[in-house]
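Lettering follows sequence order; numbering is per chain, from 1.
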Number of protein chains: 2
Amino acid sequence: MTEPRWLDETQLDAWKRLVSVVELLPGVLDSQLRRDAGLSHFEYYVLAMLSEAPDRSLRMTRLAAKTDATLPRLSHVVARLEERGLVERLPSADDRRVTNAHLTDAGWDKIVATAPGHVETVRTHVVDPLTDEEIGQLDTIAGKILERLDPENRTGVRRT
Amino acid sequence: MTEPRWLDETQLDAWKRLVSVVELLPGVLDSQLRRDAGLSHFEYYVLAMLSEAPDRSLRMTRLAAKTDATLPRLSHVVARLEERGLVERLPSADDRRVTNAHLTDAGWDKIVATAPGHVETVRTHVVDPLTDEEIGQLDTIAGKILERLDPENRTGVRRT
DNA sequence: GCACGGTCCTTGACACGACAACTGATCCCA
DNA sequence: TGGGATCAGTTGTCGTGTCAAGGACCGTGC
């Protein structure tokens with residue numbers, strides 16, 4: 001066993017703050033969306049990714065990648081969203097293993113109605129307190145971390 | 001209802017990357033610790049905060065603040081850690097409402113044994129890919145976000 | 001044409017966090 | 001000195017994620 005390379009104080013401070021953000025941010029997003037729209041942040045994100053996709057539909061695997069979710073997790077969530085009429089699942093004709101998740105009109109309306117309030121929350125808690133320069137730094141830093149967290153770059157959120 | 005102020009492309013990119021980090025990081029930390037030590041990251045963090053505290057003990061409320069957890073959550077987790085002999089709960093003499101969580105010797109041994117591997121994971125995924133300058137930026141940025149997420153500054157991780 | 005490995009997705013069982021309700025203890029002020 | 005408000009923590013229930021297993025389908029080798 002090699003000698004551990006401990007973190008210096010600066011590194012530890014930054015790390016602890018990142019941990020706090022990671023612990024607290026989901027709760028804040030969830031409670032705003034839950035209150036205003038009856039959606040978890042993850043559900044919202046699923047709808048949002050579909051709304052941006054061509055034909056408002058994506059196959060499950062691709063949607064899972066875009067939302068950083070495991071397939072079982074996505075499957076459960078989409079099942080619930082389907083029960084609520086926000087999404088429908090359509091078996092693909094070419095490859096009958098694949099399921100396409102498609103945003104319904106009700107789902108589209110839902111996200112259109114929900115987006116402004118959510119964006120406002122994101123602004124309040126993340127975007128507005130930062131300068132333009134810091135936004136750029138955040139982009140770079142998060143990008144570098146993602147390269148390690150997700151080397152496959154499944155999400156396609158990273159350019160490099 | 002006022003017109004929503006949408007995010008520009010740069011802001012949206014940075015936001016999406018932050019969301020990805022927030023979604024992926026906990027899973028990576030959890031699986032390493034689960035595999036190597038049979039602990040969730042949150043359990044590890046609880047033990048770590050206790051190990052740094054005077055007398056290796058903290059009252060539940062303070063510990064909850066330091067770990068960014070709600071009291072019910074902490075209560076459940078400490079109950080489990082107590083069953084495993086890593087922590088013990090001692091009622092306070094001065095204020096009989098208060099419970100002090102105290103790290104046992106077994107708990108101390110556990111974290112001493114676990115820390116090097118965990119630090120290595122943190123290095124690999126977060127610290128090492130960033131320059132010293134970026135570590136400083138991350139500290140600043142996370143600090144500003146925390147000011148909004150947690151205005152009470154319960155954790156005491158923030159200086160300002 | 002069929003078997004076998006790999007892919008895509010679903011399902012069920014279990015673990016953990018959130019929320020609300022509750023117990024006990026302390027504080028405060030009449 | 002009592003009674004209401006507040007505080008510290010615990011407990012129970014429910015929703016949701018994870019993990020392991022399984023089912024359906026594809027594609028290649030023979």
Side-chain angles (χ1 to χ4, degrees), chain A residues 19 22-35 37-46 57-84 87-102 152 154, chain B residues 22-35 38-46 57-84 87-102 152 154:
Chain A
V19 169
V22 163
E23 285 289 334
L24 294 175
L25 189 50
V28 169
L29 300 177
D30 275 338
S31 60
Q32 180 263 321
L33 284 167
R34 184 83 64 189
R35 173 168 46 79
L39 292 172
S40 69
H41 175 251
F42 182 71
E43 289 169 337
Y44 174 88
Y45 211 69
V46 167
S57 73
L58 286 171
R59 42 183 306 185
M60 294 294 283
T61 318
R62 184 85 194 99
L63 184 54
K66 272 198 170 304
T67 56
D68 307 298
T70 60
L71 217 32
R73 178 183 183 188
L74 181 65
S75 185
H76 280 134
V77 169
V78 168
R80 281 175 237 138
L81 291 174
E82 190 170 32
E83 280 172 18
R84 297 169 60 179
V87 166
E88 55 188 348
R89 279 188 283 194
L90 306 169
S92 163
D94 346 337
D95 186 336
R96 306 212 335 258
R97 289 170 303 181
V98 323
T99 303
N100 286 329
H102 175 254
E152 312 305 323
R154 305 183 317 139
Chain B
V22 163
E23 285 290 335
L24 294 174
L25 189 50
V28 169
L29 300 177
D30 275 337
S31 60
Q32 179 265 322
L33 283 166
R34 185 83 63 190
R35 173 167 46 81
L39 293 172
S40 69
H41 176 252
F42 182 71
E43 289 169 337
Y44 173 89
Y45 210 70
V46 167
S57 72
L58 286 171
R59 45 182 304 184
M60 294 294 282
T61 315
R62 184 86 194 97
L63 184 54
K66 271 197 169 309
T67 56
D68 308 299
T70 60
L71 215 34
R73 179 184 183 188
L74 181 65
S75 184
H76 281 133
V77 169
V78 168
R80 281 175 239 141
L81 291 174
E82 190 170 34
E83 280 172 20
R84 297 170 59 180
V87 165
E88 55 189 347
R89 280 188 281 196
L90 306 168
S92 163
D94 343 338
D95 186 336
R96 307 213 330 258
R97 292 171 301 181
V98 169
T99 303
N100 285 318
H102 175 254
E152 313 305 325
R154 304 184 317 138

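- One atom, CZ of A:Phe42, and another, P of C:dG17, lie 19 Å apart when rounded to the nearest Å.
- Contact annotation: B:Arg59 side-chain N/O to D:dA8 OP1/OP2 distance is under 4.0 Å.
- Rounding to whole angstrom units, CZ of residue A:Arg34 and P of C:dC19 are separated by 9 Å.
- The salt bridge (Lys or Arg N to Asp or Glu O under 4.0 Å) check on A:Arg34 picks up nothing, with sequence neighbours excluded.
- Looking at every heavy atom in both residues, A:Leu74 comes nearest to A:Met60 through CD2-O, 3.2 Å.
- One interatomic measurement links the two molecules: CG of A:Leu90 to P of C:dT10, which rounds to 12 Å at whole-angstrom precision.
- When the C1' atom of C:dT10 is taken as reference, atom CG of A:Leu71 falls 9 Å away, rounded to whole Å.
- In terms of the salt bridge (Lys or Arg N to Asp or Glu O under 4.0 Å) criterion, residue partners of B:Arg73 (sequence neighbours excluded) are, by chain and number, A:Glu23.
- Under the rule for a ring pair (Phe, Tyr, Trp, His ring centres under 6.0 Å), B:Phe42 has no partner lying at least two apart in sequence or in another chain.
- Among residues two or more places apart in sequence or in another chain, the side chain to side chain donor-acceptor pair (under 3.5 Å) test is passed with A:Arg84 by none.
- OP1 or OP2 of D:dT10 lies within a sub-4.0 Å distance of a side-chain N or O belonging to B:Arg89.
- Closest non-hydrogen pair, A:Ala64 versus A:Leu71, comes out as CB-CD1, 3.9 Å.
- For A:Arg73 and C:dT10, the CZ to P distance is 16 Å, given to the nearest whole Å.
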For nucleotides 24-28 of chain D, give me every protein contact, N/O to N/O, under 3.5 Å, one pair per line with atom names.
from, atom 1, to, atom 2, distance (Å)
D:dC25, OP1, A:Arg96, NH2, 3.2
D:dC26, OP1, A:Arg96, N, 3.2

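- Of the residues in residues 76-83 of chain B, B:His76 come within less than 4.0 Å of DNA chain D through at least one heavy atom, sorted by number.
- Taking atom NE2 on A:His41 and atom P on D:dG17, their separation rounds to 13 Å, with Å as the unit.
- Ring-plane geometry between B:His41 and B:Tyr44 is classed as parallel, the angle between the planes falling under 30 degrees on a 0 to 90 degree scale with a further cut at 60.
- Heavy-atom nearest nucleotides on DNA chain C were determined for A:Ser31 and for A:Leu74, and the one closer to the 5' end corresponds to A:Leu74.
- Atom CD in B:Glu23 sits about 14 Å away from atom C1' in D:dT18, given to the nearest Å.
- Once rounded to the nearest 0.5 Å, the distance linking CG of B:Asp68 with NZ of B:Lys66 reads 10.0 Å.
- For B:Thr70 and C:dA18, the shortest distance from a side-chain N or O to OP1 or OP2 is below 4.0 Å.
- When the nearest nucleotides of DNA chain C are assigned to B:Pro72 and A:Asn100 by heavy-atom distance, the more 5′-ward of the two goes with A:Asn100.
- Looking only at side-chain heavy atoms (C-beta outward), B:His102 and B:Asn100 stay at 4.5 Å or farther from each other.
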